[in-house]
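Okay, structure first, notes after.
Heavy-atom basis, side chains included; hydrogens, waters and symmetry copies ignored. Chain identifiers are assigned alphabetically (A, B, ...) following the order of the sequence lines, protein sequences preceding nucleic acid strands; residue numbering begins at 1 within each chain.
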Amino acid sequence: MKYCENCRVSVRTGRETCPLCQAPLKGESEHLFPEIKSVYNQFILFFKILLTATISGAIASVAINLMLPESGLWCHYVVLGVICFWILLITAIRRRTSIPRGIVNQVFWICVFSGIWDALTAWHSWSIDFVIPCTCMIAILALGVLGKVLHLPPSDYLGCILADAVFGIVPLIFYLTGVSQFVYLSLSCVAVSIIALVTIFTFHGKQIRSDLARRFHV
Amino acid sequence: MNQIRTKWNKLDNAAKLFPTASTRAETHVFRFSCELTEPIEPERLQAALDETARCFPTFGYVLRRGVFWYYLEESRLHPEVMPEQRPLCARLYRPRAKTLLYAVSYYGCTINLEVYHVLTDGTGAMHFLRTLVMKYLARAYDIPEENLGYETAHTSMADDSFRRYSHRAPIKRTERPNAYQLRGAKLSESRTGLIRGTMSSRALLDAAHEKKVTLTAYLSACIIAAIGEDMPLRARKKPVVLDIPVNLRNYFASDSVRNFFTPIYVSYDFSRRDGTLDDILAVVTETFARELDRDKLAEHFCAFLALEENPIARITPLHLKDIVMRTVYHNTIKGYSATLSNIGIVRMPAAFAPYIRSFHVCNATNKLQACVCSFGDRLSISVTSCFTDTAVQRRLFRRLRELDSDLVIETNLLDDDA
Ligand SMILES: [Zn+2]
């Protein structure tokens, strides 16, 4: 036990000075609390470097594009690419604690971005023909396999499959309205989604209903 | 096939604000610790924790986001004891993460229980820690376990007592002026600095009884005096307001281990009054007499319940609610300068007492907070703060030192922190 003559109190600590008045302490050290290491780590440094690098890249490409106008307008692709990359990365990191929810989130953003890119690059409908149906199908299968392999509690991934399967029916609209030109993947995606929905409701109907009641309680 | 229905609970009235308002700096995590006479054995502590967790099923719940409200859902997560390696009262809940809302750690002779306030209040957490310590000591010294004198039926433990005692009350808007706020440099990484003093309860009780007031009233006055002493002159326009959570179990019968408290506020205006301890005590006693009344307390929490039951509030999506509730929370915290919570006397069966040195409570805060509890004749006053400056603590503990020359100071602050 140490002692502060200024405050006239005993202090149980490993400190050199009194925590109340900063006067030097006399006596024997005692450790009641561990020394906690800084939580700021190199991870954050890595992100700072990445952020600086991508932003400088985008700025540089705008500058170069303006210097060489004869090469056509292309710098907005770089800027958009950087924005897409960061949104995907940030959402992935924010949802890293729940793999199934992370997958649903990434599916959503990938579909949205592919649509935007397709529209900006003279609309070849590759987004709705290939990217959206493939992403949805892969996500549904991945969620089902992950859930079983990792023995996740059903409430953790069934709702996510449900969300993905509902989203996976959207290509049906593209098919019916005739927007999609290559229909095989769209139709497979719709089929897989409906099968997934039917399976979930027959095997886990009760679970899904109680999940929804919980999630939507007012 | 797993068809077992998942158990879940709505958040209780007091917990509703915490998830939206919790950040890295303001974690709403509190810590109960128990210092034993001998170093902790991790395996034994783990075994005791496994058993304790089974007695307190609501502690195993995780916080989830619904579409309209947050809710607590049962989980199969297993609590694991860890050597203490995280900052004091660091965040336990991260949005969307499925993690337990409490943690047990150890360092030297001390067992720490950290709890996110959404799960329970001081009473519930203290039941948990007492059970854990009893089970640990029972294993270590071969003492038969005893009943710790709280209701163990799982349904009464999970009771939402706010709802049980609520009645339709007209909402009275009480406008409270903004309180004086402590300012200054903050500790790095939003850490919480703790300075606690342990002293003889007898000495403090004698001093309080001499002034014919309760221990809580006496300590409230000491804290208000310590804050008021070096207020800059132009800051004296604003009153020093102390926020004191009241355990409603003392006024309404309840065995719940979930939240069941409501705050009362003691306000002292240094610009109009003389600031002597006797005068502050008079204001504190008068406020306590007025506020600590069953009907008055009920009025307070019924007003909050009415807000929560408003149909428009109920169907507002959670994302919007988050924004509104954050504003409500920030307006509430502008209304007080510091917090004092008195957990009261911690009782352990006589057979276990010789192996226990002391119990302590402390709370994360973005202001200054004092938490008090006593065990035997040792009273522990833990003052946590986010500031590097310790002037308020110095004045408080120097005053208390005059009552008991054996006052011992303990701290988690390092030499280069302050
Ligand atoms: Zn000192």
Sort B/Arg86 into side chain, backbone, both or neither according to what part of it lies under 4.5 angstrom from a heavy atom of chain A. backbone
When B/Gln393, B/Arg314, B/Gln85, B/Arg395 are compared by non-hydrogen pairs under 4.5 Å with chain A, the top option: B/Arg314
Sequence neighbours excluded, the answer for side-chain contact (heavy atoms from CB on, under 4.5 Å) partners of B/Cys386 is B/Lys186
Got a sec: does the NZ of B/Lys7 have more than 12 other heavy atoms crowding it under 6.0 Å? no
Parallel, tilted or perpendicular: ring planes of A/His217 versus B/Trp8, cut at 30 and 60 degrees: tilted
Hey, could you give me the CE/CD1 distance between A/Met1 and B/Ile409, rounded to the nearest 0.5 Å? 11.5 Å
On a heavy-atom basis, the closest approach of A/Phe216 and B/Phe68 is O-CD1, 3.4 Å
For A/Phe33 and B/Thr411, the nearest pair of non-hydrogen atoms, with its separation, is CD1-O, 3.3 Å
Within the supplied structure, the quantity of interest is the number of heavy atoms (other residues, nucleotides, ligands) at a distance under 6.0 Å from A/Ile99 CD1; does it exceed 12? no
Where do A/Glu35 and B/Leu414 come nearest, in terms of heavy atoms and distance? CG-CD1, 3.7 Å
If we define contacts as heavy-atom pairs under 4.5 Å, which of B/Arg65, B/Arg94, B/Arg357 has the most with chain A? B/Arg357
B/Glu410 portion near chain A, given a 4.5 angstrom heavy-atom threshold: both
Quick check: closest heavy atoms across B/Ile195 and A/Pro19, and the distance to 0.1 Å? CD1-O, 3.9 Å
Looking only at A/Thr13, A/Asp211, A/Leu20, the option with the highest number of non-hydrogen pairs under 4.5 Å against chain B is A/Leu20
Among the listed options A/Arg215, A/Arg101, A/Arg214, the residue most often paired with chain B at heavy-atom distances under 4.5 Å: A/Arg214
Main-chain N/O of B/Val408 paired to A/Arg12 side chain as donor or acceptor, under 3.5 Å: no
Hey, could you give me the CG/NE2 distance between A/Leu32 and B/His360, rounded to the nearest 0.5 Å? 8.0 Å
For the interface with chain A, which of B/Tyr71, B/Phe397, B/Trp69 has the highest count of heavy-atom pairs at distances below 4.5 Å? B/Tyr71
Engaged part of B/Leu407 at the chain A interface, taking heavy atoms whose separation is under 4.5 Å: both
So do the side chains of A/Asn6 and B/Arg398 get within less than 4.5 Å of each other, counting heavy atoms only? yes
Please flag which part of B/Leu194 lies under 4.5 Å from any non-hydrogen atom of chain A: side chain, backbone, both or neither. side chain
